[in-house]
Amino acid sequence: MLQLSFLQRDKAGTLERLAKRGGEDFSSLVEAVLAEDQKRREGLSELERLRAESNKIAKAVGIAMAKGDAGAADEARRQTAELKAAIADLEKVVKQTEDRLHEQLVRLPNLPHESVPAGKSADDNLVVHERLRELPLWAEPQPHWDVLAKLGTIDFERGVKLTGSGFPVYVGAGAKLQRALIRFFLDRAEAAGYLEIQPPHLVNADSAFGTGQLPDKEGQMYFVGADNLYLIPTAEVPITNLYRDEILAEERLPIKLCGYTPCFRREAGSYGKDVRGLNRVHQFDKVEIVQIVRPEDAYPTLEEMTRYAESLLDDLELPYRRLLLCGGDMGFASAKTYDLEVWSAGQERWLEVSSVSCFESFQSHRLKLRYRPATGGKPVLAYTLNGSALALPRIVAALLENRRQADGSVSLPPCLHPYFGAERLQPGDKTL
RNA sequence: GGUGAGGUGGCUGAGCGGUCGAAAGCACCUCUUUGCUAAAGAGGCGUACCGGCAAAACCGGUACCAUGGGUUCGAAUCCCAUCCUCACCA
């Protein structure tokens with residue numbers, strides 16, 4: 001949620017930055033917000049004046065009663081009837097105005113950072129750099145679902161039976177590889193100074209609102225109606241919400257947290273080659289990193305976090321590139337996002353495995369997550385950042401496709417050997 | 001699931017219809033004094049919003065004692081609902 005004070009101070013600048021998102025024209029919404037706020041303040045001023053008057057009378061009654069002056073008390077009581085009605089009416093009006101204002105304000109996406117290129121879609125993203133390693137040249141590139149057909153370590157069909165499409169079953173060495181990757185990512189995060197969190201996998205509406213999933217992405221989350229809870233689409237939600245409604249001491253920043261969770265996404269509207277195999281699934285594993293920082297530290301931190309995620313890909317020996325997302329391809333709440341994509345040799349295309357974003361105060365404003373400056377004074381909104389480090393399925397897909405050997409086995413990069421307990425996945429591995 | 005108790009400021013905890021944004025203690029901050037790694041004394045110490053101002057400081061106001069309703073001239077205090085916590089029972 002944007003800060004109203006910023007809108008008021010610099011309307012032109014706000015519109016200019018919103019225009020980078022390339023889609024919808026927000027100028028009328030911004031105007032509506034400002035007009036609504038004007039109305040709100042006028043109503044509120046009058047309402048508070050009336051309430052002050054009413055409070056004065058009530059106090060006078062109390063004093064008259066204490067003195068035993070029943071006449072004066074009755075007289076005061078008579079005065080309040082009209083006042084009460086006026087207050088009740090105005091309260092209703094002000095409440096409506098505030099609700100409308102909030103509903104409009106919440107529809108404005110975050111302002112892209114000045115370094116973010118304007119653009120409409122993924123085509124306008126900038127490639128920051130590419131790290132390509134030499135790949136074996138396959139006579140015939142094989143997508144991971146074909147590699148898996150021989151290995152049998154991920155069972156898509158039985159997942160369909162259990163739940164539906166997009167719920168793979170990891171079997172034997174496949175399951176163990178998941179565990180190895182999770183442990184590798186967590187150990188690395190811990191070594192980089194992140195405190196490990198195991199959060200709940202379901203959250204309430206307040207939490208989903210706090211990080212911006214509600215109301216923007218309501219349809220993308222699984223919802224448990226009986227208890228009004230949402231299955232988390234990413235650990236970002238519970239972990240960032242840890243400090244909701246808190247005022248932290250400045251000395252505690254930066255706060256660095258990480259956590260492994262399964263992620264649940266409905267992915268309504270996806271189709272085609274995008275959803276084949278592990279490309280897009282409804283439940284997947286991910287290690288997330290989150291930082292809560294002072295505003296002046298936010299952008300250096302974004303670079304640091306992105307570089308950290310890249311270092312994991314270095315260790316995994318996967319070819320990758322870093323994209324700076326254009327305004328139109330960024331998430332609703334983000335001010336600046338880097339995506340990391342790995343090269344998938346079997347499908348001959350790039351697959352997103354990490355997204356690292358700076359939200360500035362967009363989330364913390366909703367979260368009421370503030371810190372008190374060491375020099376004293378008013379609490380200020382902290383800046384939040386998060387990134388995947390990393391999401392598993394496409395890493396697995398790339399490993400399978402890029403590291404497939406002539407005999408059908410798949411060699412694993414050395415960093416995984418101690419976690420996996422072997423150097424390769426073999427066609428002879430046990431399966432269902 | 002049942003019954004009972006309860007949810008108050010950073011923490012502990014008083015208040016149970018009027019001047020209570022809320023006693024007291026702890027923690028924290030400033031100052032003073034003695035001096036030595038501590039003690040004593042004085043003062044300060046919630047958040048949001050509205051207005052005064054161009055802004056900060058500051059001043060005035062409004063709201064907030066789990067949440068949402070209600071009763072009343074007046075609610076932290078009474079009533080109802082919801083959520084949560086604790087204890088005991090099943």
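By convention in this document, chain letters (A, B, ...) are assigned in the order of the sequence lines, proteins followed by strands, and residues within each chain are numbered from 1.
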For nucleotides C86(B) and A27(B), find the distance between their C1' atoms and express it as a whole number of Å. 26 Å
Spacing of the C1' atoms in C16(B) and G74(B) (rounded, Å): 16 Å
Select base, sugar-phosphate, or nothing to describe what R9(A) touches, counting heavy atoms under 4.0 Å on all strands. nothing
Whole angstrom is fine here: how far is it from CG in L4(A) over to C1' in C49(B)? 12 Å
Using Watson-Crick or G-U wobble geometry with both distances under 3.5 Å, which nucleotide pairs with C86(B)? G4(B)
Pairing partner of A22(B), by Watson-Crick or G-U wobble and under 3.5 Å for both distances, is none
Report the distance from atom CD1 of I87(A) to atom P of G61(B), rounded to the nearest whole Å. 16 Å
C83(B) to C29(B) separation - P atoms, rounded to the nearest Å: 42 Å
Give a yes/no on whether any side-chain N or O of R41(A) is located under 4.0 angstrom from OP1 or OP2 of G51(B). yes
Please find the pair of heavy atoms, one from C326(A) and one from D124(A), that lie closest to each other, and give the distance. CB-O, 3.5 Å
Spacing of the P atoms in A55(B) and C49(B) (rounded, Å): 15 Å
E303(A) atom CD: more than 12 heavy-atom contacts under 6.0 Å: yes
Are any of the side-chain nitrogens in E48(A) or R51(A) under 4.0 Å away from the carboxylate oxygens of its partner? no
Tell me whether E103(A) is salt-bridged to R107(A), with the criterion being a basic N under 4.0 Å from an acidic carboxylate O. yes
Which nucleotide, if any, forms a Watson-Crick or G-U wobble pair with G17(B), using both distances under 3.5 Å? none
For U85(B) versus U67(B), give the span between their C1' atoms, rounded off to a whole number of Å. 15 Å
Which base sits across from U77(B) as a Watson-Crick or G-U pair, both distances under 3.5 Å? none
May I ask you to say what I57(A) touches in the nucleic acid, namely base, sugar-phosphate or nothing, with a heavy-atom cut-off under 4.0 Å? nothing
Side-chain N or O of K84(A) versus OP1/OP2 of G74(B): is the shortest distance under 4.0 Å? yes
Nearest whole Å is fine: how far is C50(B) P from D37(A) CG? 7 Å
Return the 5'-most residue of the pair R51(A), I247(A) with respect to RNA chain B, ranking by each residue's nearest nucleotide. I247(A)
How close or far is atom P of A48(B) from atom NE2 of H365(A), stated in whole angstroms? 11 Å
Using a cut-off of 4.0 Å on non-hydrogen atoms, how would the nucleic acid contact of R40(A) be classed: base, sugar-phosphate, or nothing? sugar-phosphate
Separation of E46(A) atom CD from G61(B) atom C1', in whole Å? 13 Å
In this structure, how many angstroms lie between the C1' atom of C50(B) and the CG atom of L50(A), rounded? 13 Å
Check step by step if side chain to side chain contact (heavy atoms under 4.5 Å, CB included) holds for L7(A) and L105(A). CA-CA 10 Å; L7(A) 274 186; L105(A) 196 54; 4.0 Å; yes
For G60(B), which nucleotide is its Watson-Crick or G-U wobble mate, given both distances must be under 3.5 Å? C50(B)
Taking the C1' atom in each of A76(B) and C65(B), what is the distance between them to the nearest angstrom? 5 Å
May I have the distance from E53(A) (atom CD) to G74(B) (atom P), rounded to whole angstrom? 14 Å
Atom pair distance, as rounded to whole Å: OH in Y371(A) and P in G46(B): 20 Å
From G18(B), U47(B), G61(B), nucleotide with atom closest to R370(A) side chain: U47(B)
Evaluate whether atom NZ of K256(A) has more than 12 neighbouring non-hydrogen atoms of other residues, nucleotides or ligands under 6.0 angstrom away. yes
Just compare G18(B), G61(B), U47(B) and give me whichever is closest to any side-chain atom of V61(A). G18(B)
Starting at the 5' end of RNA chain B and moving along, which residue's nearest nucleotide shows up first, N55(A) or L44(A)? L44(A)
